[in-house]
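Heads up: the structure comes next, in structure tokens.
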Amino acid sequence: MSPTPQERRAARHQLGTGSGAPAGRRGPSGGRKKPITVDAIVSTAFGIVEREGYEALTMRRVASALETGPSSLYAHVVNKEDLDELLIGRLCAEIELPEPDPATWRQQITSVCAGLRDQYLRYPGISRAAFAAAPSNLDTLRLSEGMLAILLAGGIAPRTAAWAIDSLMLYVNAYSLEVSLAGSRLGRGDDGWVVSRDELLRRFAALPDTFPHTKRYATELTAGTVHDRFDFTIALMIDGLKNREAD
């Protein structure tokens, strides 16, 4: 008897994200189409997100792209949340983790965060799949394990390091989602909600005098690229860890 989707998921958590046994096609075209596998489902899902954004990703949409019905997918994945877990796991699996170095741990943890950010930005809005999801997939756990090792090598106390990983991940997820949403609006020509720095400076200058600090420091408020602000925030979080060494 073939394993259930729940059993497949449990096996992936123990042994990694294998493709699983392929499901045979039925009907007149069954012999001409590639069999359905977990890898095929995940790759197809990534293609949809890359072209249309995460909001377009549904089990029915993936099934349609694979020229099959949703029931064929449920033979391999439990539900949409399971698919989300697989997507985030594959992105995490592609991030290179350095050997923890006490001398360069700050640069190392920053690099890992930037790598995760760049992975998310390849697929508009996909970081939404990582919110409120406990890291149970082995590929996702591998990333948090590597981050924990780096922070511990840097002399960060265990509980502080553990909570720092939560904070860093949450910021990377939120940052990536915001950048993706802005990019999506720009792609639709929705410049009423995404404005240039020059336009923002003009709007700040036109504010009434009840906003004295915003008007005076408009240049500072609008300075830097989005990635400059990302680097600043990560550095701010990391630099604060040494002040929290006592558990």
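All residue numbers refer to positions in the sequence shown, counting from 1. All values below were derived from every heavy atom in this structure, side-chain atoms included, with hydrogens, water molecules and symmetry-related copies excluded.
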Seminar exercise, completed: Closest non-hydrogen contact found for Leu121 with Ser180 is CD2-OG, 4.0 Å

Exercise. Just by modelled atom types, is the Glu99 backbone N or O under 3.5 Å from a matching donor or acceptor in the Gln108 side chain?
Worked result: yes

Exercise. Would you find a donor on one side and an acceptor on the other, under 3.5 Å apart, between the side chain of Ser167 and the backbone of Trp163?
Worked result: yes

Seminar exercise, completed: Those residues at least two apart in sequence (or on a different chain) that pass side-chain hydrogen bond (donor to acceptor under 3.5 Å, both in side chains) with Tyr54 are Lys80, Asp84

Exercise. Does one side chain, of Thr222 or Arg197, offer a donor that lies under 3.5 Å from an acceptor on the other?
Worked result: yes

For this session: Specify the closest pair of heavy atoms between Leu91 and Gln119, including all atoms of both residues, with the distance to one decimal.
Result: O-NE2, 3.0 Å

Problem set entry | Atom CZ of Arg60: over 12 foreign heavy atoms under 6.0 Å | no

For this session: Please test Leu221 against Lys215 for side-chain contact (heavy atoms from CB on, under 4.5 Å), starting from the C-alpha separation and ending with a verdict.
Result: CA-CA 9 Å; Leu221 288 170; Lys215 295 182 69 171; over 6 Å; no

Seminar exercise, completed: Between Asn79 and Asp82, the two heavy atoms sitting closest are OD1-N, 2.9 Å

Exercise. Under 6.0 Å from the CD atom of Gln107, do we count more than 12 heavy atoms belonging to anything else shown?
Worked result: yes

Exercise. So, His76 side chain and Ile41 main chain: donor-acceptor pair closer than 3.5 Å or not?
Worked result: no

Exercise. Are more than 12 heavy atoms from other residues, nucleotides or ligands located less than 6.0 Å from atom CZ of Phe131?
Worked result: yes

For this session: Kindly give the heavy-atom pair with the smallest separation between Ala63 and Gly69, and that separation in Å.
Result: CB-C, 3.6 Å

Problem set entry | Within 6.0 angstrom of Glu94 CD, more than 12 heavy atoms from elsewhere | yes

For this session: Give the minimum heavy-atom separation between Leu116 and Cys92, together with the two atoms involved.
Result: CD1-SG, 4.3 Å

For this session: Look only at the side chain of Asp228 and the backbone of Thr225, and say whether a donor-acceptor pair between them is shorter than 3.5 Å.
Result: yes

Exercise. Between Tyr175 and Tyr120, is the ring centre distance below 6.0 Å?
Worked result: no

Seminar exercise, completed: Interatomic distance, CD@Glu81 vs CG@Leu83, rounded to 0.5 Å, equals 9.5 Å

Problem set entry | Pairing residues for Phe46 by the ring pair (Phe, Tyr, Trp, His ring centres under 6.0 Å) criterion, not counting sequence neighbours | Tyr123

Exercise. Are Tyr217 and Phe204 co-members of a hydrophobic cluster defined by side-chain heavy atoms under 4.5 Å apart?
Worked result: no

Exercise. If you count the non-hydrogen atoms of other residues, nucleotides and ligands that lie under 6.0 Å from CD in Glu96, is the total more than 12?
Worked result: no

Exercise. Are Leu181 and Arg128 close enough that some pair of their side-chain heavy atoms sits under 4.5 Å apart?
Worked result: yes

Exercise. Atom CG in Leu151, atom CD1 in Ile109: separation rounded to 0.5 Å?
Worked result: 4.5 Å

Exercise. Would you call the rings of His227 and Phe230 parallel, tilted or perpendicular if under 30° counts as parallel and over 60° as perpendicular?
Worked result: tilted

For this session: Please report the shortest heavy-atom distance between Ala65 and Thr44, naming the atom on each side.
Result: CB-CG2, 3.5 Å

Exercise. Can you tell if the side chain of Ser144 reaches within under 4.5 Å of the side chain of Met147, non-hydrogen atoms only?
Worked result: no

For this session: Check for a donor-acceptor pair, side chain of Arg51 on one end and backbone N or O of Gly47 on the other, with a separation under 3.5 Å.
Result: yes

Problem set entry | 4.5 Å side-chain heavy-atom contact, Pro158 and Leu152 | yes

Problem set entry | Residues clustering with Phe232 (ILVMFWY side chains joined when closer than 4.5 Å, directly or via others) | Leu236

For this session: Show the numbers, then the answer: is there a salt bridge (charged side-chain N to carboxylate O under 4.0 Å, His left out) between Arg202 and Glu199?
Result: CA-CA 5 Å; Arg202 186 190 67 77; Glu199 173 62 16; 2.7 Å; yes

For this session: Using a 4.5 Å cut-off on heavy atoms from C-beta on, say whether the side chain of Ile126 contacts that of Glu50.
Result: no

Problem set entry | Donor + acceptor pair across side chains of Ser43, Arg90 (<3.5 Å) | yes

